[in-house]
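First listed ligand is number 1; within each ligand, the first listed atom is number 1.
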Amino acid sequence: MAEVIIVSDAQAAGELVADEIARLISVKPDAVLGLATGSTPVPVYRALTSRLDGIDISGVRGFALDEYVGLDASHPESYRTVIAREVIEPLGLNPDNVHVPRGELVDMEHAGVDFEAKIAEAGGVDIQLLGIGTDGHIGFNEQGSSMASRTRIKALSPQTRYDNSRFFGSLEHVPTHAITQGLGTILEARHLVLLAFGFGKSVAVAAAVEGPVSAMTPASVIQLHPHVTVIVDDEAASRLQLADYYRAAYAGKLPWQGL
Ligand code: F6R
């Protein structure tokens with residue numbers, strides 16, 4: 001069962017996760033971080049900047065979950081640019097150590113395999129940050145994705161394009177496709193940390209954590225992983241049937257202990 005931690009707000013979640021990442025880097029200076037984009041992980045990256053003073057991060061490596069297809073890499077919303085702006089620059093990571101799947105429309109048929117090879121070469125991901133779509137996607141594994149899928153190109157669902165239109169000004173500018181780590185790829189990370197904030201995520205969170213493992217809720221695949229931490233605010237937790245149990249289980253124990 002996933003460890004579920006219900007916190008007051010996104011900032012509290014960001015601090016918990018930043019503590020864990022800083023601890024990981026202090027014991028493993030070449031730690032491999034699985035980086036999510038979108039609005040959810042931003043508080044983690046913000047909190048992490050203040051925790052890295054005096055810690056050597058020159059060996060830390062990172063892999064993004066996904067990238068839009070067909071968007072110029074220099075576009076302000078390409079995940080290559082977002083990762084540079086929100087992660088590499090503020091944290092001071094070595095850009096050569098941080099990889100984003102290639103979304104350019106050249107040599108696309110090799111992009112997934114190349115990315116998987118880089119993850120394998122790095123020895124796998126130590127801690128994978130995940131947001132969740134309102135339709136239950138993780139990465140851009142939309143409903144119906146194979147639980148064994150690897151990094152590949154997926155069409156974005158109308159819901160995902162609508163949700164992400166806030167980053168692009170209007171729906172028509174949202175790319176139609178993305179290249180994303182597969183569910184099988186994500187499951188190979190050693191620790192999954194899924195974050196969700198706000199009522200808008202409450203249906204997806206309940207389905208992912210307590211619903212059946214189903215291709216209709218790609219995030220439910222986390223139930224198959226031996227080390228998962230789900231951190232949600234009260235609103236995102238509001239449809240969890242076992243919310244009281246999670247609160248009681250977490251009260252007074254050390255984080256990351258597992259249930
Ligand atoms: C982004 C990603 C997506 C987002 C999800 C939630 O790299 O993989 O699964 O995590 O769409 O997006 P936000 O955080 O913007 O609500």
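Between the side chains of D72 and S78, no donor N or O sits under 3.5 Å from an acceptor N or O. Using modelled atom types and a 3.5 Å distance limit, the side chains of E142 and T160 yield a donor-acceptor pair. Between the side chains of Q181 and T151, no donor-acceptor pair of N or O atoms lies under 3.5 Å.
The nearest heavy-atom contact from the protein to atom 11 (O) of ligand 1 is H137 NE2, 2.7 Å. Ranking the protein heavy atoms by distance from atom 12 (O) of ligand 1 puts K201 NZ, 4.3 Å first. Closest protein heavy atom to atom 1 (C) of ligand 1: T37 OG1, 3.3 Å. What sits closest to atom 6 (C) of ligand 1 on the protein, heavy atoms only, is I132 O, 3.4 Å. Protein heavy atom closest to atom 10 (O) of ligand 1, with residue, atom name and distance, is G131 CA, 3.3 Å. The protein heavy atom nearest to atom 8 (O) of ligand 1 is D66 OD2, 2.7 Å.
Nearest heavy atoms, I222 versus L130: CG2-CD1, 4.4 Å. The heavy-atom pair separating S74 from T81 by the smallest distance is C-OG1, 3.8 Å. Shortest non-hydrogen contact noted between R161 and L156 is CG-CB, 3.7 Å.
Between the choices A219, G139, G133, the shortest heavy-atom distance to atom 9 (O) of ligand 1 belongs to G139.
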Which atom pairs, one a donor and one an acceptor, fall under 3.5 Å between side chains of residues 198-215 and the rest of the protein, sequence neighbours left out?
unit_1	atom_1	unit_2	atom_2	d
K201	NZ	I132	O	3.0
S202	OG	F199	O	2.7
S202	OG	R239	NE	2.9
E210	OE1	Q241	N	2.7
E210	OE2	Q241	N	3.3
E210	OE2	L242	N	3.0
E210	OE2	Y246	OH	2.7
S214	OG	M216	N	2.9

Please list, one pair per line, the donor and acceptor atoms closer than 3.5 Å that link side chains of residues 182-190 to other protein atoms, with sequence neighbours excluded.
unit_1	atom_1	unit_2	atom_2	d
T185	OG1	E116	OE2	2.7
T185	OG1	G182	N	3.2
E188	OE1	R150	NH2	3.1
E188	OE2	R150	NH1	2.9
R190	NE	D126	OD1	3.0
R190	NH1	G123	O	3.1
R190	NH2	G123	O	3.0
R190	NH2	G124	O	3.2
R190	NH2	D126	OD1	3.0

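Near R166, meaning under 4.0 Å from any of its heavy atoms, are these atoms of ligand 1: 13 (P), 15 (O), 16 (O). Close approach to L65 involves these atoms of ligand 1, each under 4.0 Å from a residue heavy atom: 8 (O). The T40 neighbourhood of ligand 1 comprises atoms 13 (P), 14 (O), 16 (O), with distances under 4.0 Å to a heavy atom of that residue.
Not a single N or O atom of Y79, backbone or side chain, sits closer than 3.5 Å to an N or O atom of ligand 1.
The residue D163 has no part lying near ligand 1, judged by heavy-atom distances below 4.0 Å.
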